[in-house]
2 protein chains.
Amino acid sequence: MGMGNLTSTSDDILACARSLIVAGGYNGFSYADIADVVGIRKASIHHHFPSKLDLVRTLVARYREEAKAGVAKLELQVSDPLDQLRFYVGYWEACIADASAPFCVCALLASQLPVLPEAVGLEVRAHFRFLSEWLTSVLERGMQQGQLRLTSSPRAEAEAFMATVHGAMLSARAYGDPKIFAVVTGQLLVRLALRIPCDESHEAQ
Amino acid sequence: MGMGNLTSTSDDILACARSLIVAGGYNGFSYADIADVVGIRKASIHHHFPSKLDLVRTLVARYREEAKAGVAKLELQVSDPLDQLRFYVGYWEACIADASAPFCVCALLASQLPVLPEAVGLEVRAHFRFLSEWLTSVLERGMQQGQLRLTSSPRAEAEAFMATVHGAMLSARAYGDPKIFAVVTGQLLVRLALRIPCDESHEAQ
DNA sequence: GACAGACTGCCTACTAGAAGGTAGGTATGG
DNA sequence: CCATACCTACCTTCTAGTAGGCAGTCTGTC
């Protein structure tokens, strides 16, 4: 077929697999699960993605592309470094609140890295590096503009930022309470913004 | 048999299952995997733990007991709140560095909570609550003693602390580099300790 | 102290179902 | 006519879990 459907079957498969991975990781779903949801047969999935490895590698690669596109768009639309961080955190806050995608695919897969096919592991690692580098650049710029005050190097602070966001996703899931994500990440932002002078003592949400 | 072996077979099974879960989660291992490592047959594992649910529930329950015992011991041996946090972080730093247990069992299981048997999920959630409450009490005491200066409530700060530690485990695994854990958690401790006055500007590692 | 019975730990052998994957067919449309 | 998309039917291997046997060990009773 010459395409035409705005959402092709292979897109449906990828979207379904993504949400299944977000729920239970690489070994937490099967082709049968996808077939049930998408409404096709197992064999048809193999037509689009010969092996599970192909499916997940493609899925993560696409996820990374979307992340890169999202960041690029953010860089264009929002110039203020602190606002960029706010936007990034707010994006996840919304995803977690409406349960549409309550976890980062790569963060979840990273937790099971030892049992992942190597090709997938490499994609996952690449996402971490990308995110870390972007956050580093944002923090660096915020520092140079005197808007953010860091207590250690931009790189180290970026790693801490990323780790805290991932940990906040985990806690929100563990407690079954989306609000905990905002509680944790809110402090992150306040802490970075607070450091403008060293005068009055704000109280964080 | 009247016991006697310091390490019984069921202990071996639990220890093996724990390390397999740390590597790949609930669906990342099978009875066959355990049988291979422990050197018994699959059916013998069912003799000790009728179902996988039994095995993992027991394993997590024991893990929680160990954690509680560890914290109780820490409370006895170390009185200084900041030192307690240092010790806690140092414990994990060592586990990650020597790859003996490079992830918290409950943190890993929490990431797959949606596909976990409910009984296991409840144990996992209970661990998060326990850890959060302990950290809250430590931060609260440190604040009262004027040793730690918090920017938000002890509870919120405890959640952020826990999230950052878990996220640091994840990053260490994603990068395949134990050092990243220390880089992230080091800032956590410095930040809490730094806040004694609001005078000079230290530069963290 | 001998002995039956129960219990424990582990075994071989098996099951039903689910896993990922293949072979080969059919309908459709450029 | 050929490629795409999907199908039915099948295969192999792995999955958790079961049935039943066998050797040792602990216990109570004579």
Side-chain angles (χ1 to χ4, degrees), chain A residues 1-21 23-60 62 109 112 114-121, chain B residues 1-21 23-60 62 109 112 114-121:
Chain A
M1 47 100 63
M3 271 266 110
N5 294 3
L6 285 181
T7 146
S8 72
T9 302
S10 91
D11 288 340
D12 290 347
I13 294 170
L14 286 172
C16 175
R18 183 187 290 199
S19 73
L20 288 172
I21 284 183
Y26 190 85
N27 293 307
F29 76 101
S30 73
Y31 271 39
D33 296 328
I34 298 175
D36 286 345
V37 176
V38 176
I40 55 174
R41 302 291 152 151
K42 273 195 324 169
S44 307
I45 306 175
H46 282 285
H47 168 69
H48 294 281
F49 306 98
S51 76
K52 194 175 185 180
L53 167 62
D54 291 311
L55 170 57
V56 177
R57 200 195 323 109
T58 306
L59 179 158
V60 177
R62 179 168 300 197
L109 287 175
Q112 352 187 289
V115 297
L116 251 42
E118 200 181 331
V120 175
Chain B
M1 50 99 62
M3 275 265 105
N5 295 3
L6 286 181
T7 147
S8 71
T9 301
S10 91
D11 288 340
D12 289 348
I13 294 170
L14 287 172
C16 176
R18 182 186 291 196
S19 72
L20 288 172
I21 284 182
Y26 190 85
N27 293 308
F29 76 101
S30 73
Y31 271 39
D33 296 328
I34 299 176
D36 285 346
V37 175
V38 177
I40 56 176
R41 302 290 152 151
K42 274 194 326 172
S44 307
I45 306 175
H46 282 284
H47 169 71
H48 293 280
F49 306 98
S51 75
K52 195 175 183 180
L53 166 63
D54 292 310
L55 170 58
V56 177
R57 198 193 327 106
T58 306
L59 179 159
V60 178
R62 179 168 298 196
L109 287 175
Q112 349 187 293
V115 296
L116 250 39
E118 200 182 329
V120 174

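In what follows, chains are A, B, ... by sequence order, proteins preceding strands, each numbered from 1. As a basis for the values below, the full set of heavy atoms in this structure was taken, side chains included, without hydrogen atoms, waters or symmetry mates.
Proximity of B:His47 to the phosphate of D:dT18: no side-chain N or O atom is located under 4.0 Å from OP1 or OP2. For C:dC11, the OP1/OP2 oxygens have a side-chain nitrogen or oxygen of B:Ser44 closer than 4.0 Å.
Note on A:Phe29: only backbone sugar-phosphate atoms sit closer than 4.0 angstrom, heavy atoms only; bases stay farther off.
With values rounded to the nearest 0.5 angstrom, B:Thr9 atom OG1 is found 10.5 Å from B:Ile45 atom CD1. For the atom pair CZ (B:Arg18) and CG (B:Leu55), the distance works out to 11.5 Å, reported to the nearest 0.5 Å. Going from atom OG of B:Ser8 over to atom CG of B:Leu14 covers 8.0 Å, rounded to the nearest 0.5 Å. In this structure, B:Leu20 CG and B:Ile34 CD1 are separated by 6.0 Å, a value rounded to the nearest 0.5 Å.
Separating the OH atom of B:Tyr31 from the C1' atom of D:dT13 is a distance of 20 Å, rounded to the nearest angstrom. The separation between A:Arg41 atom CZ and C:dT26 atom P is 18 Å, rounded to whole Å. The nearest whole Å value for the distance from the NE2 atom in A:His46 to the P atom in D:dC10 is 17 Å. One can place CD1 of B:Ile34 at 14 Å from P of C:dC10, the figure rounded to the nearest angstrom. In this structure, B:Asp36 places its CG atom 11 Å from P of D:dC14, rounding to the nearest Å. Look at CG on A:Leu55: it is 14 Å from C1' on C:dG21, rounded to the nearest Å. For the pair A:Asn27 CG and D:dT13 P, the computed distance is 19 Å after rounding to whole Å. The CD1-P distance, from B:Ile40 to C:dC10, rounds to 6 Å in whole Å.
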What's touching nucleotides 15-18 of chain C from the protein side, N or O pairs under 3.5 Å?
none

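The side chain of B:Ala43 lies closest to C:dA13, out of C:dA13, D:dA9, D:dA5.
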List the atom pairs, donor and acceptor, that lie under 3.5 Å between side-chain atoms in residues 35-42 of chain A and the rest of the protein, sequence neighbours left out.
none

Less than 3.5 Å apart, which donor and acceptor atoms pair up between the side chains of residues 24-32 of chain A and the rest of the protein, not counting sequence neighbours?
{"from": "A:Ser30", "atom 1": "OG", "to": "A:Ala32", "atom 2": "N", "distance (Å)": "3.3"}
{"from": "A:Ser30", "atom 1": "OG", "to": "A:Asp33", "atom 2": "N", "distance (Å)": "3.3"}
{"from": "A:Ser30", "atom 1": "OG", "to": "A:Asp33", "atom 2": "OD2", "distance (Å)": "3.4"}
{"from": "A:Tyr31", "atom 1": "OH", "to": "A:Phe49", "atom 2": "O", "distance (Å)": "3.1"}
{"from": "A:Tyr31", "atom 1": "OH", "to": "A:Ser51", "atom 2": "O", "distance (Å)": "3.0"}
{"from": "A:Tyr31", "atom 1": "OH", "to": "A:Lys52", "atom 2": "N", "distance (Å)": "3.2"}

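The heavy-atom pair separating B:Leu59 from B:Ala17 by the smallest distance is CD1-CB, 3.5 Å.
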